[in-house]
There are 2 protein chains.
Amino acid sequence: MAKRITNNIRRLRFDADEMTQQMLADVVGVSRQTIVAIEKGKYSPSLEVAFKIAEYFNVPLEVVFQYQ
Amino acid sequence: MAKRITNNIRRLRFDADEMTQQMLADVVGVSRQTIVAIEKGKYSPSLEVAFKIAEYFNVPLEVVFQYQ
DNA sequence: ACATCATGTCAAAAATTTTATACATGACTT
DNA sequence: AAGTCATGTATAAAATTTTTGACATGATGT
């Protein structure tokens, strides 16, 4: 029953002209390690970082992150 | 220019039959202080807590939290 | 007046997220 | 073969979120 948070960051990055982790980290204002950890699902990010990522890709937050 | 995260938790609580902070904290699985802090905007919650709150109220995350 | 309840606040500890460094690997280029 | 680039991993420190416990206030009820 324990729901998990998944994400499509990797796919969104590749759709966005093969953007690198470092580029995304820079535009979002976090370290590359943070992007790596979130992509790999090591932990779920803060709501603020989540919103920033969604804003950058120009999609609703739920397109980037799913709670299922 | 710095965007902020706002929320409608208080209104959603009252719409939900005047639910108390403690009741929401219990169903979401956090402490009442966490609800107080988020409601008052002391800090933005983790994405997981945000999703749990939205799930409880049965609305999309963006109905509870706005990035503006 | 007294008790109860919901909310607000405060402070310190615990837990989690984020950063900073460093190093390893495979893919690609020259 | 050597160099560069993107990614993965690891660890400790820093920053932020969350908990715990305690106390104050105003509103409500008895």
Side-chain angles (χ1 to χ4, degrees):
Chain A
M1 241 326 197
K3 297 206 173 180
R4 299 185 56 215
I5 292 177
T6 59
N7 73 82
N8 300 117
I9 297 178
R10 201 174 192 88
R11 183 177 55 70
L12 287 162
R13 275 200 300 117
F14 287 125
D15 289 355
D17 205 23
E18 308 254 335
M19 171 180 233
T20 67
Q21 293 174 334
Q22 185 65 66
M23 288 189 228
L24 178 58
D26 288 345
V27 301
V28 166
V30 296
S31 68
R32 183 174 72 87
Q33 273 63 18
T34 297
I35 301 296
V36 174
I38 297 171
E39 268 193 15
K40 299 249 112 191
K42 287 200 77 176
Y43 47 71
S44 61
S46 67
L47 184 56
E48 191 167 6
V49 169
F51 266 128
K52 283 182 184 167
I53 293 173
E55 177 183 51
Y56 174 75
F57 287 123
N58 228 12
V59 297
L61 192 145
E62 274 110 344
V63 170
V64 186
F65 298 95
Q66 296 82 38
Y67 188 53
Q68 50 191 351
Chain B
M1 243 322 200
K3 296 206 174 184
R4 299 184 52 213
I5 293 178
T6 59
N7 73 82
N8 300 118
I9 297 179
R10 201 174 192 89
R11 181 175 58 69
L12 287 162
R13 275 201 300 117
F14 287 124
D15 288 354
D17 205 24
E18 309 251 336
M19 171 179 232
T20 66
Q21 292 174 335
Q22 185 65 65
M23 288 189 227
L24 179 57
D26 288 346
V27 301
V28 166
V30 297
S31 68
R32 184 175 70 85
Q33 272 63 19
T34 297
I35 301 296
V36 173
I38 296 171
E39 268 194 14
K40 300 246 114 191
K42 288 201 78 176
Y43 47 71
S44 61
S46 66
L47 184 57
E48 191 168 7
V49 169
F51 266 128
K52 284 181 182 166
I53 294 173
E55 178 184 50
Y56 174 75
F57 287 123
N58 229 10
V59 296
L61 193 145
E62 273 109 344
V63 170
V64 185
F65 297 95
Q66 296 82 38
Y67 189 53
Q68 50 192 353

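Throughout, protein chains are lettered first and strands after them, A, B, ... in sequence-line order, and every chain is numbered starting at 1.
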Exercise. dT9(D) P sits how many Å from Ile38(A) CD1, rounded?
Worked result: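 In whole Å, dT9(D) P lies 15 Å from Ile38(A) CD1.
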Exercise. Is there a donor-acceptor pair closer than 3.5 Å between any side-chain N or O of Gln66(B) and the backbone N or O of Val63(B)?
Worked result: yes
Exercise. Has the side chain of Glu62(A) got a donor or acceptor atom that lies under 3.5 Å from a matching backbone atom of Leu61(B)?
Worked result: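 Yes, Glu62(A) side chain to Leu61(B) backbone: donor-acceptor pair under 3.5 Å.
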Problem set entry | 5' to 3' contact window, DNA chain C with chain A (heavy-atom distance under 4.0 Å) |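 Range of nucleotides within reach of chain A: dT17(C) to dA22(C).
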For residues 44-52 of chain A, tabulate all N or O donor-acceptor pairs below 3.5 Å that involve a side-chain atom, not counting sequence neighbours.
residue, atom, partner, partner atom, Å
Ser46(A), OG, Val49(A), N, 3.2

Problem set entry | Step-by-step side chain to side chain contact (heavy atoms under 4.5 Å, CB included) determination, Asp15(A) to Phe57(A) | CA-CA 10 Å; Asp15(A) 289 355; Phe57(A) 287 123; over 6 Å; no
Exercise. Do Val36(B) and Val27(B) share a hydrophobic cluster, counting only Ile, Leu, Val, Met, Phe, Trp and Tyr and linking them when any side-chain heavy atoms are less than 4.5 Å apart?
Worked result: no
Exercise. Lys42(B) or Met19(B): which one's nearest nucleotide on DNA chain C is closer to the 5' end?
Worked result: Met19(B)
For this session: Could you note down all residue pairs passing salt bridge (Lys or Arg N to Asp or Glu O under 4.0 Å) where residues 22-34 of chain A supplies at least one of them, sequence neighbours left out?
Result: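 Salt bridge (Lys or Arg N to Asp or Glu O under 4.0 Å) check on residues 22-34 of chain A returns no pairs.
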Spacing of [X] atom [atom1] and [Y] atom [atom2] [to the nearest 0.5 Å]:
{"X": "Asn8(A)", "Y": "Ile53(A)", "atom1": "CG", "atom2": "CD1", "value": "11.5 Å"}
{"X": "Thr6(A)", "Y": "Lys3(A)", "atom1": "OG1", "atom2": "NZ", "value": "11.5 Å"}
{"X": "Ile38(B)", "Y": "Ile5(B)", "atom1": "CD1", "atom2": "CD1", "value": "10.5 Å"}

Exercise. Using the C1' atoms of the five pairs at each end, what is the angle between the end axes of the helix from dA1(C)-dT30(D) to dT30(C)-dA1(D), to 10°?
Worked result: 30°
For this session: Report the C-alpha separation of Arg10(A) and Gln21(A) in whole Å, then their side-chain angles, then the decisive distance to 0.1 Å, and conclude whether the side chain to side chain contact (heavy atoms under 4.5 Å, CB included) test is met.
Result: CA-CA 9 Å; Arg10(A) 201 174 192 88; Gln21(A) 293 174 334; 4.2 Å; yes
For this session: Could you list by number each residue of residues 51-60 of chain B showing a heavy-atom separation from DNA chain D of less than 4.0 Å, or answer none if no residue does?
Result: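 Here the set is empty: none.
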Exercise. How does each nucleotide of nucleotides 19-30 of chain D score, in 5' to 3' order, for protein heavy atoms under 4.0 Å: base (B), sugar-phosphate only (S), or none (-)?
Worked result: BBBB--------
